[in-house]
Amino acid sequence: MVITIETADSLLEGSVTLANFHETTKELTLTERRTIVDQALIMIDSVYVHLPLKKAMYAVNPVQKLKILRRQLNTLSERAFHSEMLTIFKELRDLHTNYILPPPYYGHTAFLPFLMEEFYDSDNKRHYIVSRQIRGFDHDTFKPGVEITDWNGVPIDQAVAINADREAGSNEAARHVRGLDAMTVRPMAMSLPPAEQWVIVGYSSNGKDYKIQLSWQVNQIKSFNESLSHAATGEFATANALDLNMELTNNARKVLFAQNAVDLSKQAADFRAGTVESNKGEEDFFRSNSRYPDTFQFRTVDTTHGQIGYLRIRIFSAPMPDAFVDEVIRILGLLPQQGLIIDVRGNGGGIIMNGERILQLFSSNRIEAERMHFINNEVTLAIANSDIWDGFAKQWANSIDLSTITGSIYSQGFPIESPELTNSIGRRYNGSVVLVTDARCYSTTDIFAAGFQDNRIGKILGVDDNTGAGGANVFTHDLLRDILAGPDSPFQELPGGTQMRVAFRQTSRVGDKAGLPLEDLGIQPDAIHRMTRDDVLYENRDLISAVAVLLLQSSGDTQ
């Protein structure tokens, strides 16, 4: 066994150690803490749509915990206060409902200089390997492909399980993958910095065992692109469904481990802005790349059964719905027409219309969109009656108002936009389609997968037992303040740069599973493919072969 110490202090410009980062943190006053707790109480007790469900499923009482916390505010350190707030929110197991830490935590990410992913062997045993390393990091034996065996002396599978217990996933599979992600990349908007300054990683390479000590680093990594910011505050602010922590993690991983993706995004942005002179270069570029490479990647895949198309959708936030749908249609025209893989693994969601409008492109039948429900009370009635909806929410408002007579917990369910818009284009791809999911799929991606299954568009192949099970429309605290503005509003400005989000409208399913909530249940795939070592290291080699077989079965080909 060899122990190597590697701090990786200067691998990414602007990075600092955890010790140096802690020196920049600030403290909230007692009054500021009290305001934060009071606003959290209003958010959860008045508008949190899943509160009855979470109380029943997980035996939690966040309202009582917040009341107890309010009495303890002057006895807690700054870290202990933030930790308690995060714990109360995470115990809901809802990645839509968040306490978001103030600066400097917000906007900063703690990371180690490598990415760890999992795969399964032929005996269905799980393993963990180094899949990527940060640029500039070089080591004789610690390289992509080596197997991680332990973490600070704890067997690696157990270490990931311990980390997963701190995460808010709605099911075991979702908690596991988010625990795995947070082992090496941890956006601090929604989690405190690691308690340890460094970790000792045990690994195996060429039949020999080694250990390496690596320091945690902190860097200010851009959290949102412009389109995501527009989606959160603009025309589609009320149609947002995004796992924010997943998006922050994905952005950080791209910057840390995929410089080619950063370069590709810049090149596409230059072409879109018209700053590149060669029209021919632009035509060639967009024949093999998306106009929005942060959102889409596509290619033709050769299989033993012929060529099929592959479309990866990484997020549903950008661009806005009309441009989003147009780009999907353009890409479909460039791909083989006899079979298509739509891969939404790791997609944390975005604008709900982006997910629901493209379903029609793959079906000759009329698409039925998933249903959205308010929780019934005076606050949600006031929100439903506000003028932000241009009258579209009146259908919900009527049933909320009637709840004083009926005693119903939830309003009637309606699609988030008119069925005419959901079916305004029609089918554009006539081949068989298979959807690939994992436990990181959340929010709009869950809604898209539910619509895919409920409308019988095609088979779903999962690399995990379930999707992330996020079934809601998300509102920010700032949006609620804008909707119910004024001195009498229950929503008051949050101090110190803190933020909050809440699951505001619940999603229920249609078709054979009509009425079932999407939250916590998620989408169960038609078939499972466990990721192999070749999948992790060689662009999903075995996964694509498995999908090709499923495509043949879907099209009725028995060869």
Side-chain angles (χ1 to χ4, degrees), residues 17-41 43-44 48 54 58-112 151-152 154 159-169 175 178-179 181-199 216-218 223 243-246 248-249 477 494-502:
T17 63
L18 274 177
N20 289 336
F21 172 78
H22 285 312
E23 293 177 0
T24 68
T25 59
K26 303 174 183 177
E27 291 203 6
L28 297 165
T29 67
L30 181 61
T31 300
E32 288 174 330
R33 291 185 184 185
R34 188 173 293 118
T35 298
I36 289 169
V37 173
D38 289 345
Q39 288 298 295
L41 273 165
M43 290 264 288
I44 291 177
Y48 180 41
K54 300 297 183 176
Y58 305 120
V60 295
N61 191 340
V63 172
Q64 180 62 18
K65 284 195 171 184
L66 285 165
K67 289 178 179 178
I68 293 172
L69 176 60
R70 198 179 191 279
R71 296 175 62 90
Q72 300 172 336
L73 292 178
N74 60 349
T75 67
L76 299 175
S77 67
E78 185 77 0
R79 185 182 178 97
F81 169 72
H82 288 312
S83 179
E84 190 64 26
M85 286 292 297
L86 288 168
T87 298
I88 291 170
F89 274 76
K90 287 189 175 185
E91 283 181 349
L92 296 170
R93 299 188 184 182
D94 184 347
L95 297 166
H96 283 137
T97 303
N98 318 114
Y99 172 63
I100 301 175
L101 293 165
Y105 301 103
Y106 183 82
H108 282 82
T109 298
F111 65 92
L112 295 170
W151 195 273
N152 286 335
V154 179
V160 173
I162 292 169
N163 213 35
D165 283 341
R166 306 186 185 109
E167 300 302 317
R175 285 190 295 279
R178 284 164 174 80
D181 291 344
M183 295 293 287
T184 60
V185 177
R186 196 170 300 179
M188 292 191 295
M190 296 175 184
S191 61
L192 286 166
E196 69 275 14
Q197 296 287 324
W198 39 259
V199 299
W216 281 100
Q217 301 289 296
V218 177
S223 300
D243 173 3
L244 179 59
N245 194 62
M246 187 77 258
L248 296 175
T249 300
H477 183 273
L494 291 170
T498 56
Q499 300 179 49
M500 295 180 197
R501 300 164 79 239
V502 66

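Since we're looking at a predicted model, the values are computed, not measured.
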Counting C-beta onward and ignoring hydrogens, is there a side-chain heavy-atom pair between Thr109 and Val218 closer than 4.5 Å? no
Who pairs with Gln39 by side chain to side chain contact (heavy atoms under 4.5 Å, CB included), at least two apart in sequence or on another chain? Thr35, Ile42, His477, Phe491, Gln492, Leu494, Met500
With a 4.5 Å heavy-atom cut-off, do Leu92 and Tyr58 have their side chains touching? no
Can you name the nearest heavy-atom pair linking Pro193 to Met188, along with the distance? CG-SD, 3.3 Å
Side chain Lys90, main chain Met190, donor-acceptor under 3.5 Å: yes
Report yes if the side chains of Val185 and Asp181 come closer than 4.5 Å at any heavy-atom pair, otherwise no. no
Give the ring-plane orientation class for His108 versus Phe21, where under 30° counts as parallel, over 60° as perpendicular and anything between as tilted. tilted
For Arg79 against Pro194, the heavy-atom pair lying closest together: NH2-C, 4.3 Å
Nearest 0.5 angstrom please: Glu23 CD to Asn20 CG, how far? 5.5 Å
Counting only N and O atoms by type, is there a donor-acceptor contact under 3.5 Å from the side chain of Lys54 to the main-chain atoms of Arg93? yes
Distance in Å, Leu30 CG paired with Leu73 CG, rounded so as to fall on 0.5 Å steps: 6.0 Å
Return all side-chain donor-acceptor pairs below 3.5 angstrom for residues 80-89, not counting sequence neighbours, or 'none' if the list is empty.
| from | atom 1 | to | atom 2 | distance (Å) |
| --- | --- | --- | --- | --- |
| His82 | ND1 | Tyr99 | OH | 3.0 |
| His82 | NE2 | Glu78 | OE2 | 3.2 |
| Thr87 | OG1 | Ser83 | O | 2.8 |

Check step by step if salt bridge (charged side-chain N to carboxylate O under 4.0 Å, His left out) holds for Glu91 and Lys65. CA-CA 11 Å; Glu91 283 181 349; Lys65 284 195 171 184; 2.5 Å; yes
Taking the basic N atoms (NZ, or NE/NH1/NH2) and the acidic carboxylate oxygens, is any pair closer than 4.0 Å for Arg178 and Asp243? yes
Under 3.5 Å: donor-acceptor pair, side chain of Arg175, backbone of Gly169: yes
Quick one: closest heavy-atom pair of Val199 and Glu196, and the distance? CG1-OE2, 3.6 Å
Decide side chain to side chain contact (heavy atoms under 4.5 Å, CB included) for Leu95 and Asn245; before the verdict, give the C-alpha distance in whole Å, the side-chain angles of both, and the deciding distance to 0.1 Å. CA-CA 8 Å; Leu95 297 166; Asn245 194 62; 5.6 Å; no
Determine whether Thr75 and Gln72 make a side-chain contact, defined as any pair of heavy atoms from C-beta on separated by less than 4.5 Å. yes
Measure the spacing between OG of Ser191 and CZ of Arg166 and express it to the nearest 0.5 Å. 10.0 Å
Minimum heavy-atom distance between Tyr105 and Leu192, given as atom pair plus value: CE2-CD2, 4.2 Å
Which of Leu244, Ile100, Leu101, Asn98 passes side chain to side chain contact (heavy atoms under 4.5 Å, CB included) with Gln499? It is Ile100
Within the distance-only criterion (no hydrogens, no angle test), does the side chain of Asp94 pair as donor or acceptor with the backbone N or O of His96 below 3.5 angstrom? yes
Please report the C-alpha distance between Arg70 and Asp38 in whole Å, then the side-chain angles of each, then the deciding distance to 0.1 Å, and finally whether the salt bridge (charged side-chain N to carboxylate O under 4.0 Å, His left out) criterion is met. CA-CA 8 Å; Arg70 198 179 191 279; Asp38 289 345; 2.6 Å; yes
Does Arg186 make a cation-pi contact with Phe111, if we ask for NZ or CZ under 6.0 Å from the ring centre and within 45° of the axis? no
For the CG atom of Leu66 and the CD1 atom of Ile36, what is their distance to the nearest 0.5 Å? 11.5 Å
Partner residues of Ala19 under the side chain to side chain contact (heavy atoms under 4.5 Å, CB included) criterion, sequence neighbours left out: Thr17, Gln197
Would you name the heavy atoms of Thr498 and Pro102 that are closest together and state the gap between them? CG2-CD, 3.6 Å
Any side-chain heavy-atom pair of Ile44 and Val502 under 4.5 Å: no
What one should report as the nearest heavy-atom pair of Val154 and Ala159 is CG1-N, 3.7 Å
